[in-house]
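Because the structure is predicted, anything quoted here is derived from the model rather than measured. Per chain, numbering begins at 1; letters A, B, ... match sequence-line order.
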There are 2 protein chains.
Amino acid sequence: MKRNSRLSLALHTLSHMAGEPDRVRTSSDIADHAGTNPVVVRRVLGRLREAGLLTSEKGHAGGWRLARKPQEISLADVYLALDERLVASDEISEAPACSVEHALQKRVSGVLEEIEQSLVQKLSETSISEVRDA
Amino acid sequence: MKRNSRLSLALHTLSHMAGEPDRVRTSSDIADHAGTNPVVVRRVLGRLREAGLLTSEKGHAGGWRLARKPQEISLADVYLALDERLVASDEISEAPACSVEHALQKRVSGVLEEIEQSLVQKLSETSISEVRDA
DNA sequence: ATACATGTAACTTTTGTAGTTGCATTGGTC
DNA sequence: GACCAATGCAACTACAAAAGTTACATGTAT
């Protein structure tokens, strides 16, 4: 597919749902629209459900629905629900021998963490309904 | 290694060099400090050289040196030199059948592109010497 | 009962990238 | 000139993350 596909798929789907918030949609419908696979959709939307952004119902006439008003779902909610950490680097396992090196690594990590936070802040300023009406 | 290793390696190395800007360092020295491999170092630093952030010299007593004063190298310079596009999604090859879908995809891409730009803006506010002294 | 939906596990395929090896090229030093 | 130590680069392997796929259990309207 492409890079950032989870975030992209999630935003696409939610923005789409923001148009008709009460309509129930199946994974298959969503997958068709997004050009992907129902299982992939369920995997991604499952994360959003865990974060309280969506609800799902099994069985006949089941499917997915927004758990909140679209105006109350921000891009940061989505980003965090997916556990994305695009900027911050993962913690380093191997501690460097030199303590000066170690201190420098911590500083780099700290700076990247700050940038990550500012990214989340920026994302929190836009809702999925704003994406739809962009 | 870890996620974001190129950016992390680049920032680590440049911040380190910012301490003694005139000292020449070899790929091997840098690799030892960063816990990686000289070839990997040359690959990453090569990008920074193309972007005018570093110079390299072959032969005996060769190695790497900052091309500018550390105060004049921002994190955005590094990010852009590495061609990182952490937020923005790549363009989608397959055009969706439905034009409404297509329009929505463009809007999602557009929003992500805006976020990407604000990330670069944020990165431009910090120099590698500030990382060092953090 | 049946049909249709999610939930999930297991597996394959793809892709990006680190790591590695080998060698050509360059430029000091003896 | 011989030699050594550095970058530059190509080709390859190893590995991990994620998408895609298949299969099936579970739940729920009709």
Between A:Ser56 and B:Glu84, who's closer to the 5' end of DNA chain C by nearest nucleotide?
->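 Upstream on the strand: A:Ser56.
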Expected rows: protein N/O vs nucleotides 9-14 of chain D N/O, under 3.5 Å:
none

[atom1] of [X] versus [atom2] of [N]: gap in Å, rounded?
X	N	atom1	atom2	result
B:Asn4	D:dA16	CG	P	18 Å
A:Asn37	C:dT12	CG	P	17 Å
B:Glu50	D:dT7	CD	P	16 Å
A:Leu54	C:dT6	CG	P	12 Å
A:Leu7	D:dA18	CG	C1'	15 Å

Less than 4.0 Å between a side-chain N and a carboxylate O, is that true for A:Glu113 and A:Arg85?
-> yes
Range-with-range stems of DNA chain D (Watson-Crick or G-U pairs under 3.5 Å, three or more in a row) = C:1-30 with D:1-30
B:Ser5 side-chain proximity, nearest of C:dA18, D:dA19, D:dG8 =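 The answer is C:dA18, which lies nearest to the side chain.
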Polar atoms only, N or O, under 3.5 Å: list the protein pairs with nucleotides 25-30 of chain C and their distances.
residue: C:dT26; atom: O2; partner: B:Gly59; partner atom: N; Å: 3.3

Which residues satisfy the side chain to side chain contact (heavy atoms under 4.5 Å, CB included) test with B:Arg25, sequence neighbours excluded?
-> B:His16, B:Met17, B:Glu20, B:Arg23, B:Ile30
With sequence neighbours left out, write down each residue that passes side chain to side chain contact (heavy atoms under 4.5 Å, CB included) with B:Ala67, or none if nothing qualifies.
-> B:Thr55
If you measure only the distance, is there a donor-acceptor pair under 3.5 Å linking the side chains of B:Ser118 and B:Gln121?
-> no
Report yes or no: do B:Ser129 and B:Ser127 form a side-chain donor-acceptor pair below 3.5 Å?
->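 Side chains of B:Ser129 and B:Ser127: pair found under 3.5 Å.
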Taking all atoms of both residues into account, what is the closest heavy-atom pair of A:Tyr79 and A:Val120, and its distance?
->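 Closest pair (atom of A:Tyr79, atom of A:Val120, distance): CE2-CG2, 3.9 Å.
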Kindly state which residues belonging to residues 10-32 of chain B come within less than 4.0 angstrom of DNA chain C, counting heavy atoms of the residue only, listed by number.
->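 Contacts with DNA chain C under 4.0 Å: none.
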